[in-house]
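Order of the sequence lines sets the chain letters (A, B, ...), proteins ahead of strands, with each chain counted from 1. Values in this document were obtained by computation on a predicted structure and should not be read as measured data.
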Amino acid sequence: MKYRILLLAPALLIMACDPDQPEHHFDAGLLVLNEGAFMGGTATLTHWSDTDSVTTDAFVRSNGRSLGNLGTGLAVDAHHAYVVLNGAASLEVLDLPSLHSVARITGFAAPRQVVVLPGGDLAVSDWGRNRVYRLSSSTWAMTDSVDLPEGPEAMMVHLGELWVTHSGGLGMDSAVSVLDPATLDVVATMEVGVNPSSIAVLGGSIYVLCSGYTDWSGGGADRSASLVKIDPATRSVTATYDAVFPADRPTKLATDGEVLYWIKDGYTGDVLRMDPTALDYPAYAWISGTAYGLFADGASNALYVLDAKDFQQNGEVRRYSPGGQLQATVPAGLIPTAAVRIP
Amino acid sequence: MGGLDTLKTHRDTANLKQVALPEVPVQGGRWSTQSPVSTLVRSGASGWATEPLLRAGMDVRQTNPGGSAWVLLDGLPATHTWIEWEGIALHAADLGVMDLRLLPSVGLNLARSADGLSLRGPQPASVNVEASSLGNTAASAWIPGASVDVGLSLSQGRNRYRYTDYVGERSRRIGAEVARAEFRAAWRSLNAPLKTEGAAYVVAMNQGLPEATTVPRRSGAQQTDLRATAFQKQLFSSGRWQWQSTQYLTLTRQRYAYALFGGIHDTNSASAVGVRLNSDYRLRRARIATSLDVDRLGAEGPNKLRSSVLRVHASVRGSGSVGDRMRYQWGLSQLSQGTQRGRLLPLIEVGSAAAQPTQWAMKLHAHQRFPTLNDQFWTPGGNPELRAEWGWELRGRLHRETALAEFYAGRLHDAIVWMPMGTLWTPRNVGTLRRFGGSIQRGWHRGSWTAFARASAVYSVNESGFLLPYAAPWSLAASVSRRWAKWEFRADPRLRGATPTAWSLESTTWLPAQGQLDLSAIWRGDQSTLALSLINATGAPLLLQYGFPLPGRYLNVAWSRSLTNPKKTKK
């Protein structure tokens, strides 16, 4: 036994001295972003591997520090994961599979979402300045930006174009912008429903979920929510599905490539499901219970429901089959809001 | 700088103004039974300092020295901390949480007892000056007279200190400046058998609300507070019968301004006006007292239309003694707010007579707290249908010489919790709080040495088993001092257990266990006192709110001069 330890010692030393050797290795699986406490708190990452091991504070384990305040956006490509911190006004670039931070980009006001552009550069939407930034994937520097209408929020790349919804920030808007990702020039703007907050592509059509607007002053300026279908070729609205309940404020549109899912109403709500051939906005819940975030896995068609519970205790992630049966539940951090699959 | 005189409490309070009537039988729905004071905190030149409150076992929530501070007592939320002053239970009609920095302080002591907190006087006439290496300075003067007392306190804090942010970078605090001004006056007249007295205070405070360490280093929001309270009371005494009428008025205004994101600006105001009628009849060894309070609470702001509610308290209470060794107290009270009538709140207390060397008391009572105006009328989310929180508490107390032990147990039902409902955060009666805890403390005095130690523990959980946010599960505090001629050298170590800041076991929402050591050298002349204090002498990381580190080691200098001629007061 002694000799085995002696033989292993040099190898351990070499591994310990190798700066490129990742200290942690997060296998293929689901990466969940937890917002963290609103005041003074910090976002966290939960990793749920395909072998069903769960790491609830993956970022801290890899980096020995916190992510920063209020995580809102998450994206991945083949080599990196990108985390948007709205409160910390920064973007963390994490190496895969170690989740080691290789860059921390600051200079935003209130960033919301991140998307990977063709060629690997990044686009980041920023509520604070009503702006979209492009970041270089080689230097992680801001290389360009464009000022846009109120509340640039969700983004999606489709057929080489960058689609941006304008959720109105703290007010009201109803526009979707189409940008040339190379120049960030606005090539088209479309009018959709009120406060478009999320976007997805399914079956060659683009779907925009418009959350509607509540006039808290009691002035009667409430606007209903809707799901809008766009033909990307003609950039025209081909269908509008009005929400069944005028008071609902749906969020978090997601698709697995087969159907659409979203959350019925705001902070917590049932999950709605809509087949692209359906003619009407769904009236009944597909999955009842509280959901704060969704991830629809295109590979397995599984649906992951992120439950923030009471926003004070740890949340959980539930995996459902395409038929809506609960398959597994694992713990998450405080207020799980977004998830992606890491390869 | 404020001091903590636990050991001398009973001697000090003996000199305090004797209150003829049981002033506030039910403070915010909690019975006040004139319990003996266990801890007395003296105000400093800048108002109420945090260190002595923590040493006294209170839970304080604060982001920077001199900034807004909220206190939790005995495992109950801060909304249950009402602070009695001159018979009036001071509170915030809109928020429900009373900011300690908006309380009157000059010439006053903060007394901690089984009933809660009360502000008591009088302090002798004095001038006080204070400065710290954080760039904070303060001056106050308290001049009591035969028929009129006046006091003034002015302070400003720059709060220059270094901290480590979430990426490990050292930065200097910005946006935590505080300026505070307070004026207080009291007056009295006697035209037997009618005695009239009154008091008023106004506090104006402007403070920067610093950003958390998990966001970029920048100046945060600015908050400006104005609070004024005035009361007038008439006391009539005739043999066995006493009668008192009190009228009071409180006005508060708070302005909030945040320059980022296009600017957020709002102003909220609240008011309370009330009348109180008390009577007290003494029959041999027994006594019966009645009280009727009628208060009109109001609030207005951008997130609520002008709203107001009428609150009525009525109570009857009796007390007496059984033989020479035991005393008793009973009471029945009811509160109502708006159209909602509260529960009957009974009280029963038995204890030893005052002359016994070992003092003990047991108290069982019910309590109630009505929702605040924000709970009911905030837009969006306010819930006018909220019921009052209610609960009961059993409390025991044992005291002999310098040793004191207290325990309590209770439940709180229908606790009001803000929670999401669809797109809306709204308060609902959903929580149940189960709590028990206690404290033990003892003092020693031998030759020139004096020592004191206190241990407190509280277990306050909701129905899901989560601990009450911002209530430290345990805390230890000690004080050791030695006098040498006119000098006193003192060490004040304390420890505080890891503390949740949310109803959660999630580690990112817990404050870590922390310890602090304060060292002081105090010189006492005939009329002057000079105190040099090294606060947080070990430079330990301290947090009273998640994401908002307090200063490391810093120096505080306090000078005080008595304006009373010692030759005149000596016998």
Side-chain angles (χ1 to χ4, degrees), chain A residues 34 36-37 39-44 56-57 60 63-70 85-90 101 104 106-110 127-130 169-170 211-212 214-218 247-251 264-269 290 292 308-315 333-335, chain B residues 61 63 164-169 209-218 220 260-262 264 302-305 378-382 417-426 428 430-431 462 464-467 469 500-511 543-549:
Chain A
N34 308 291
M39 274 292 289
T42 179
T44 57
T56 54
D57 53 355
V60 175
N63 298 276
R65 67 167 172 88
S66 305
L67 260 173
N69 185 241
L70 213 58
L85 288 313
N86 177 263
S90 63
S101 175
R104 182 171 157 271
T106 58
F108 306 101
W127 264 23
R129 299 195 180 104
N130 291 326
L170 299 174
S211 295
T214 303
D215 180 9
W216 299 116
S217 72
D248 282 356
R249 298 290 170 259
T251 56
K264 182 172 178 282
D265 189 22
Y267 288 109
T268 59
T290 56
Y292 185 65
K309 295 184 176 175
D310 62 359
F311 292 77
Q312 300 213 48
Q313 55 180 303
N314 287 332
L334 193 67
I335 316 179
Chain B
R61 185 174 169 184
T63 59
T164 304
D165 70 11
Y166 74 102
V167 289
E169 290 178 358
L209 305 178
E211 295 277 31
T213 57
T214 51
V215 306
R217 182 174 177 266
R218 63 193 176 201
L260 293 178
F261 312 133
I264 302 169
N303 289 90
K304 52 187 172 285
L305 300 174
W378 184 265
T379 303
V417 177
W418 281 74
M419 58 196 311
M421 293 280 289
T423 53
L424 195 61
W425 285 77
T426 184
R428 292 199 294 167
V430 293
N462 68 5
S464 302
F466 296 115
L467 294 175
T501 64
W503 298 102
S504 175
L505 296 175
E506 160 63 39
S507 61
T508 60
T509 64
W510 278 59
L511 303 177
L543 289 166
L544 291 176
Q545 186 159 318
Y546 202 86
F548 296 90

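Looking at Tyr546(B), the atoms closer than 4.5 Å to chain A (heavy atoms on both sides) sit in the backbone and in the side chain alike. Within the 4.5 angstrom heavy-atom criterion, only side-chain atoms of Thr44(A), from C-beta onward, approach chain B. Only the side chain of Gln545(B) comes within contact range of chain A, with heavy atoms under 4.5 Å apart. Heavy atoms of Thr106(A) lying under 4.5 Å from chain B are absent altogether. Of the two parts of Arg104(A), only the side chain, counted from C-beta on, holds a non-hydrogen atom closer than 4.5 Å to a non-hydrogen atom of chain B.
The candidate with the highest count of non-hydrogen atom pairs below 4.5 Å against chain B, out of Leu70(A), Leu67(A), Leu85(A), is Leu67(A). Ranked by non-hydrogen atom pairs under 4.5 Å with chain A, the options Thr214(B), Asp165(B), Thr501(B), Leu505(B) are led by Thr214(B).
Closest of all the heavy-atom pairs between Pro216(B) and Gly87(A) is CD-O, 3.3 Å. What you find for Tyr166(B) and Ser90(A) is that their closest heavy atoms are OH-OG, 3.8 Å. Of all heavy-atom pairs spanning Met39(A) and Phe548(B), the tightest one is CE-CZ, 4.1 Å.
Under the 4.5 Å side-chain criterion, counting only non-hydrogen atoms from C-beta, Gln313(A) is not in contact with Trp503(B).
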